[in-house]
Structures are given as structure tokens and as C-alpha cells.
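The structure appears right after this line, and notes come after that.
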Amino acid sequence: MAAPKKAVEGPLVGAVVQGTDCSRFLVFNSKTAELLTYYQVELTPEFPKEGWVEQDPKEILQSVYECIERTCEKLDKLNIDVSNIKAIGVTNQRETTIVWDKLTGEPLCNAVVWLDLRTQATVENLSKKIPGNNNFVKSKTGLPLSTYFSAVKLRWMLDNVRKVQKAVEDGRALFGTIDSWLIWSLTGGASGGVHCTDVTNASRTMLFNIHSLEWDKELCDFFDIPMDILPKVGSSSEIYGQMKTGSLEGVPISGCLGDQSAALVGQMCFQEGQAKNTYGTGCFLLCNTGRNCMFSEHGLLTTVAYKLGRDKPVIYALEGSVAIAGAAVRWLKDNLGILETPEEIEILAKEAGTSYGCYFIPAFSGLYAPYWEPSARGIICGLTQFTNKCHIAFAALEAICFQTREILDAMIHDSGISFSHLQVDGRMTNNKVLMQLQADILHIPVVKPRIAETTALGAAMAAGAAEGVGVWSLEPDGLSAIVMERFEPQIKATESETRYATWKRAVMKSMGWVTTQTPESRDPSIFSSLPLGIFIVSSMIMLIGARYISGIP
């Protein structure tokens with residue numbers, strides 16, 4: 001006789017997390033925020049040309065279906081009835097762009113991923129059309145004109161992909177970011193799928209007015225993009241449609257947030273002035289600015305943080321991106337070979353205990369906020385005969401922390417907020433040496449939740465709290481307390497300031513390596529803040545030197 005299904009304390013909520021490197025489906029208890037189980041499928045982006053990064057939309061969709069079904073199988077093995085899942089949230093890599101045929105459901109080309117660089121010429125041409133005294137693009141969107149955002153990727157597709165051009169001419173094309181593609185497909189696709197997005201993802205397209213919360217005709221005219229291919233924009237927490245197939249058929253999809261906004265919600269940063277930093281390939285530091293749409297004077301982005309219900313207020317955020325975080329660790333592993341696994345950096349750094357005066361500036365494709373200096377390139381300086389790979393590993397972790405401090409300082413100057421602590425999440429927060437270094441360099445406590453899956457948790461919270469679902473309370477007294485791990489500063493403030501000042505000196509030395517840029521490409525409003533680039537000859541010299549230091553032939 002089959003074992004009876006296990007009783008759970010409260011309704012369950014699922015979360016689809018679709019990232020650049022993998023897709024996941026996770027299931028949470030809505031009363032305790034406990035993660036019950038999950039399944040993950042790895043993805044491999046395609047690099048058809050230098051600077052191009054693509055993904056197959058059908059592979060992404062299939063990976064999500066597989067994650068959902070395998071997670072349901074795991075629940076069954078735990079004797080938990082999948083009918084307890086009352087809602088599904090979706091959170092996704094932002095800015096990645098897809099165009100598909102609404103009659104067949106077929107993508108018209110590969111997705112152009114957020115870190116793709118092919119649109120640099122498009123950006124430079126568009127920048128010439130913006131009046132010098134009226135940057136209406138930034139004032140309406142909160143974003144600099146950059147290869148990063150979806151509008152220029154869509155413009156490139158319209159200019160270069162005949163299938164896309166033909167589908168638009170025939171009235172068959174639909175545009176969306178990853179969230180739109182998934183929700184449309186999961187709710188029926190060509191057989192009645194819901195074509196929608198939420199305000200957080202829409203705010204990253206450069207076509208969305210973050211003040212009126214609508215697609216903007218002036219912006220669409222500027223990019224020459226037809227408005228009829230755009231998805232309907234909703235809040236981050238409402239029922240968009242129901243699952244049409246699979247084990248969760250009939251379950252409402254009722255939460256949608258870009259990944260960094262989902263992490264902000266999952267960290268419960270609901271008060272103005274609360275901030276979180278997510279450590280992944282890069283770092284993404286978001287500060288809740290409440291209903292105040294605050295514009296930065298220090299190179300930060302203004303973005304929609306969330307809107308948790310149709311009748312709820314929109315909440316804004318300042319965002320600063322550290323281009324190279326986990327990517328620096330991967331570079332040490334793949335390019336220099338001084339690490340066998342990314343996790344080994346913690347062991348080496350702990351063994352060193354100090355950088356011994358070595359500073360690593362990972363400006364692989366220039367410097368970003370607050371500098372916006374595309375002429376910079378990566379350097380390792382302060383080397384002596386005593387320097388070894390352990391010191392370089394330590395310096396790489398310090399670099400992540402120094403860059404985070406620069407972003408936090410910019411936020412303090414822009415917002416006037418004094419931060420008592422920094423909330424953190426992401427895979428790299430498992431590195432205790434990194435977290436302690438971050439507390440030391442910021443000289444404020446770093447607070448890490450015991451629940452590692454804050455991005456998924458945020459999507460689940462939004463879905464479970466939606467009107468018509470109502471299984472997750474977002475009221476302060478209804479939120480489950482999240483046990484925290486806290487890292488206190490362990491060095492004197494004077495030492496922290498001295499190390500930071502030396503880092504700043506090293507940053508200055510990284511500038512001016514590239515001297516062939518056109519005036520347009522040096523304009524920070526069109527500079528692409530992305531974590532990948534082409535290494536110049538100086539980087540190769542650095543590489544050879546570092547390999548010598550580490551004893552690698």
C-alpha cells in the first residue's frame with residue numbers, strides 16, 4: 001500500500017528561477033519560508049562570435065519544464081502532495097531579449113543575452129540622436145544608453161534578422177524578456193498564452209517610463225520599435241494566468257520579478273534605506289528608495305524595485321553593479337590556472353591572511369561606477385619577490401569588497417542614507433573570508449541570511465501574496481524571521497581607510513591603457529557596463545607574470 005501523503009504546515013509556493021547559467025524550480029512552505037526541495041538544470045550560453053552571447057529560448061523553456069516535473073517527483077518521494085502548491089512565481093535574468101512567432105510559438109532567433117556586446121555600433125549611432133541638453137532616455141528610464149539593455153538588442157534584431165523583420169511586417173512577432181517568454185509559454189503559448197511582463201523587468205528595457213509605469217511612445221519612436229509587439233505590463237504580484245500542462249496544470253502564475261528585485265524582496269528590504277548586495281558573476285547592490293524615484297549623480301542606475309500588487313504603490317531603487325566579482329575568481333582559475341576550483345580561493349586567501357601589499361584591479365573591460373572610464377584595463381600591482389598565488393587570491397577577494405565599497409559610497413552620497421549594515425546573498429557569500437573582508441572594508445556589519453535562496457524566496461513571496469492566492473503574508477508581523485549570520489568588522493577604521501586609499505591609488509594606475517577610443521565611446525552614457533571584455537597586451541604581460549609567480553610553466 002502506498003505511503004500516505006505527508007501533511008505540511010501550510011500551503012506551498014513554487015518559484016521558477018531562470019538564470020544565465022541554469023534554471024531551477026524550488027518549493028517553499030508559505031508559513032515558514034522553509035525550502036522543501038528543488039531541481040536544477042545547467043545551461044551553456046553560445047558564443048558564435050567575439051562579444052556575442054546567445055541562448056536557445058526553446059532550451060531555456062525545456063529546462064524549466066524539466067525542473068518543474070523533477071521537483072514534483074522529488075515532492076512525491078517525500079510523500080508531499082503536489083496539490084499543496086497554490087501558486088508559482090517567476091524570476092529571471094534581466095535584459096536578455098527574445099522575439100518569437102505568436103502563431104507557431106517558435107523563437108525567430110536565439111535570445112541575445114544581457115552581457116552581449118554586438119550592439120555597440122547601434123548604441124553609438126543612437127547616442128548621436130540624443131540632444132546634449134535633454135537626455136530624455138535617461139530621464140524617462142533611469143538608465144544610460146548602453147548595450148546592456150533590451151531596446152538596443154531588439155533594435156539590432158530588427159535591423160539584422162530577416163525572420164524578425166518579416167514577422168513584424170506580418171503582425172506575428174512578440175517581444176519579451178525571459179519572464180515574458182516563460183509566462184506566455186507556460187500559460188498556453190500559441191494556444192492562448194498570456195503575453196505580459198512586470199514593472200521590474202519592463203524598467204530594464206529602455207522602452208518603459210518609470211514615472212508613468214507605461215510603455216513610452218517617444219522612447220519607442222526613438223528606437224523605432226513597434227509598440228504592438230510589447231507585452232502588457234502588470235505589477236510584480238498578481239495572477240497572470242494558469243499553468244496549462246504538466247504536474248502543476250491549473251496552478252496560477254502570480255509572481256514576476258527580475259532576479260535582483262526578487263533578491264531585494266527575499267531579503268525583506270521593504271523599508272526605505274535598506275540595501276542588499278548579491279554576489280555572483282558580478283555584484284548587484286540595490287537600495288530601496290521608497291516611492292522616491294531618485295536619480296544618481298555618481299553613475300548609479302534608477303530602477304523599479306517592485307510593485308507588490310495592482311493597487312500597491314511602486315517602490316524604486318538605486319542600483320550599482322560591480323562588473324567583476326565571481327568572474328575574477330573564474331579568471332584566476334581558467335586564465336591563470338592558480339585555482340583548481342572556484343572554492344579553492346578561500347583556502348588560499350585564508351592561508352595568506354593578507355595581500356601583502358598586492359592590489360588587483362579587475363578592470364577587464366574598463367572601470368564602471370563611479371568612474372565610467374573605458375580606457376582602464378586590469379592590473380595587479382604592488383608585487384614583490386615575496387608575492388605568491390595566495391596573496392593574489394586574497395587581493396582578488398579584496399577587489400570585490402573594495403568595488404562594493406565604492407558603490408555603497410556612491411549610494412550614500414546620492415541618497416544621504418547612512419547604512420548601519422549590509423545585507424548580502426548569492427553563491428559567493430559561502431566564502432567566509434570574503435564576507436569578513438567585506439565587513440572590514442566597509443567597517444559595518446555584513447548580514448547574511450541562513451536561507452541562501454533569497455532570489456527564489458522573493459519570487460515565491462510575491463506569488464503567494466497575490467490577490468486571489470493569499471497564502472503568504474507580507475505584513476511585518478506575518479513574515480517569518482530569517483536567522484542571520486553576522487560578520488562584524490575586526491580591524492580598526494583607520495586600517496580600513498588606509499587600505500581603501502591604497503586601492504584608490506591602484507585604480508588610478510589602471511586608467512589610460514586604451515587610447516584609441518572615439519569621443520563617443522568614451523561617453524559614459526553609452527559605455528557598456530558588462531563583465532566581459534577583450535584583454536589587451538598589458539593584460540597578457542600581467543598574465544605571464546602571474547603564472548611565473550604561481551610557479552606554473
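Residues: numbered from 1 along the sequence shown.
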Exercise for the section: Would you please say whether a donor-acceptor pair under 3.5 Å links the side chains of T278 and D425? Expected result: yes
Contacts of D21 meeting salt bridge (Lys or Arg N to Asp or Glu O under 4.0 Å) (sequence neighbours excluded), chain-then-number -> none
Here the gap from M206 atom CE to F149 atom CZ, rounded to the nearest 0.5 Å, amounts to 6.0 Å
OG1 (T177) and CG (L154) are apart, to the nearest 0.5 Å, by 11.0 Å
Answer yes or no: is there a side-chain heavy-atom contact under 4.5 Å between N160 and R118?
no
(message) Angle between ring planes, F402 versus Y500, binned at 30° and 60°: parallel, tilted or perpendicular?
(response) parallel
Across all chains, not counting sequence neighbours, the side chain to side chain contact (heavy atoms under 4.5 Å, CB included) partners of Q40 are C22, R24, Y38, E42, R427
Any donor-acceptor pair under 3.5 Å linking the side chain of R405 with the backbone of I441?
yes
Any chance NZ of K129 has more than 12 other-residue heavy atoms, nucleotides or ligands included, within less than 6.0 Å?
yes
Review point. Is there a side-chain contact between C109 and M157, using heavy atoms and a 4.5 Å cut-off?
Key: yes
| query | Between the main-chain N or O of C401 and the side-chain N or O of Q438, is there a donor-acceptor pair closer than 3.5 Å? | reply | yes
Check your understanding: With no hydrogens and no angle check, is any side-chain donor or acceptor of N288 less than 3.5 Å from a backbone partner on C269?
Key -> yes
How about CD on E169, more than 12 heavy atoms from neighbouring residues, nucleotides or ligands closer than 6.0 Å, or not? yes
So CH2 of W114 and OG1 of T147: to nearest 0.5 Å the spacing works out to 10.5 Å
Output for pair (T205 OG1, L219 CG), nearest 0.5 Å, gives 8.5 Å
Under 3.5 Å: donor-acceptor pair, side chain of Q165, backbone of D159
yes
With sequence neighbours left out, the residues meeting salt bridge (Lys or Arg N to Asp or Glu O under 4.0 Å) with K166 are D170
Hey, are D414 and S296 close enough side-chain-wise for a donor-acceptor pair under 3.5 Å?
yes
*asked:* With a 3.5 Å distance limit and no angle check, can you tell me whether K307 reaches the backbone of R310 through a side-chain donor-acceptor pair?
replied: yes
Closest non-hydrogen atoms of K276 and L264, given as atom of the first, atom of the second and distance, are CG-CD1, 3.6 Å
Nearest heavy-atom approach of L318 to M411 is O-CE, 3.1 Å
Measuring only between side-chain heavy atoms, which start at C-beta, is Q18 closer than 4.5 Å to L43?
yes
inquiry  = Side chains of I178 and I98, heavy atoms from C-beta outward: is any pair under 4.5 Å?
reply    = yes
Is there a donor-acceptor pair closer than 3.5 Å between any side-chain N or O of D116 and the backbone N or O of V53?
yes
Sorted by chain and residue number, the ring pair (Phe, Tyr, Trp, His ring centres under 6.0 Å) partners of W100 (sequence neighbours excluded) come out as W181, W184, H195
task = Report the C-alpha separation of I407 and N277 in whole Å, then their side-chain angles, then the decisive distance to 0.1 Å, and conclude whether the side chain to side chain contact (heavy atoms under 4.5 Å, CB included) test is met.
result = CA-CA 10 Å; I407 298 297; N277 197 27; over 6 Å; no
Residues 157-178 vs ring-ring contact (aromatic ring centres under 6.0 Å, His included), sequence neighbours excluded, gives none
- Query: Does any non-hydrogen side-chain atom of L207 lie less than 4.5 Å from one of I225?
  - Reply: yes
For F284, the ring pair (Phe, Tyr, Trp, His ring centres under 6.0 Å) test, sequence neighbours excluded, returns none
Of all heavy-atom pairs linking E398 and C358, the shortest is OE1-O, 4.4 Å
When every non-hydrogen atom of T455 is compared with those of D259, the smallest separation belongs to CG2-O, 3.5 Å
Rounded to the nearest 0.5 Å, the SG atom of C196 sits from the CD atom of E238 at a distance of 8.0 Å
**OP:** Would you check, one step at a time, whether the test salt bridge (charged side-chain N to carboxylate O under 4.0 Å, His left out) holds for K163 with E106?
**Re:** CA-CA 11 Å; K163 282 187 176 181; E106 289 294 311; over 6 Å; no
Does a side-chain heavy-atom distance below 4.5 Å link N125 with T122?
-> no
> Would you find a donor on one side and an acceptor on the other, under 3.5 Å apart, between the side chain of K153 and the backbone of T96?
Replying inline: no
Report task. Taking the side chain as every heavy atom from C-beta outward, state whether R330 and P342 have any atom pair closer than 4.5 Å. Result -> no
Practice item. For the residue pair E272 and N292, confirm or rule out a side-chain donor-acceptor distance under 3.5 Å. Key: no
Heavy-atom closest pair (L301 atom, P144 atom, distance to 0.1 Å) is CD2-CD, 3.2 Å
In this structure, CD1 of I183 is separated from CG of N92 (nearest 0.5 Å) by 8.0 Å
Discussion item. Does R291, at its CZ atom, have more than 12 non-hydrogen atoms belonging to other residues, nucleotides or ligands within less than 6.0 Å?
Written reply: no
Just wondering, do L158 and R155 contact through their side chains at under 4.5 Å, heavy atoms?
yes
*asked:* If we ignore hydrogens and angles and just use 3.5 Å, is the side chain of Y316 paired with the main-chain N or O of I210 as donor and acceptor?
replied: yes
Strictly by modelled atom types, are Q93 and Q55 linked by a side-chain donor-acceptor pair under 3.5 Å? yes
- Message: As a quick check of understanding, evaluate side chain to side chain contact (heavy atoms under 4.5 Å, CB included) for Y148 and R94, giving each step before the final call.
- Response: CA-CA 10 Å; Y148 193 3; R94 300 176 300 172; 4.1 Å; yes
Check: Any donor-acceptor pair under 3.5 Å linking the side chain of T302 with the backbone of M294?
Finding: yes
For the ring pair W215 and F208, is the centre-to-centre distance below 6.0 Å?
yes
query = Taking atom types as modelled and ignoring hydrogens, do the side chains of T303 and S203 form a donor-acceptor contact shorter than 3.5 angstrom?
reply = yes
field: Heavy-atom donor-acceptor pair, Q423 side chain to Q267 backbone, under 3.5 Å
entry: yes
### Task
Show the numbers, then the answer: is there a side chain to side chain contact (heavy atoms under 4.5 Å, CB included) between L143 and V137?
CA-CA 7 Å; L143 309 173; V137 175; over 6 Å; no
Minimal heavy-atom distance between R499 and F394, with the atoms involved, is NH2-CE2, 4.3 Å
Exercise. Please check if atom NZ in K217 has more than 12 non-hydrogen atoms from other residues, nucleotides or ligands closer than 6.0 Å.
Key: no
Exercise. Determine whether more than 12 heavy atoms belonging to other residues, nucleotides or ligands lie under 6.0 Å from atom NE2 of H413.
Key: no
Handout entry: Check against side chain to side chain contact (heavy atoms under 4.5 Å, CB included), D198 and V304
Key = CA-CA 10 Å; D198 89 300; V304 175; over 6 Å; no
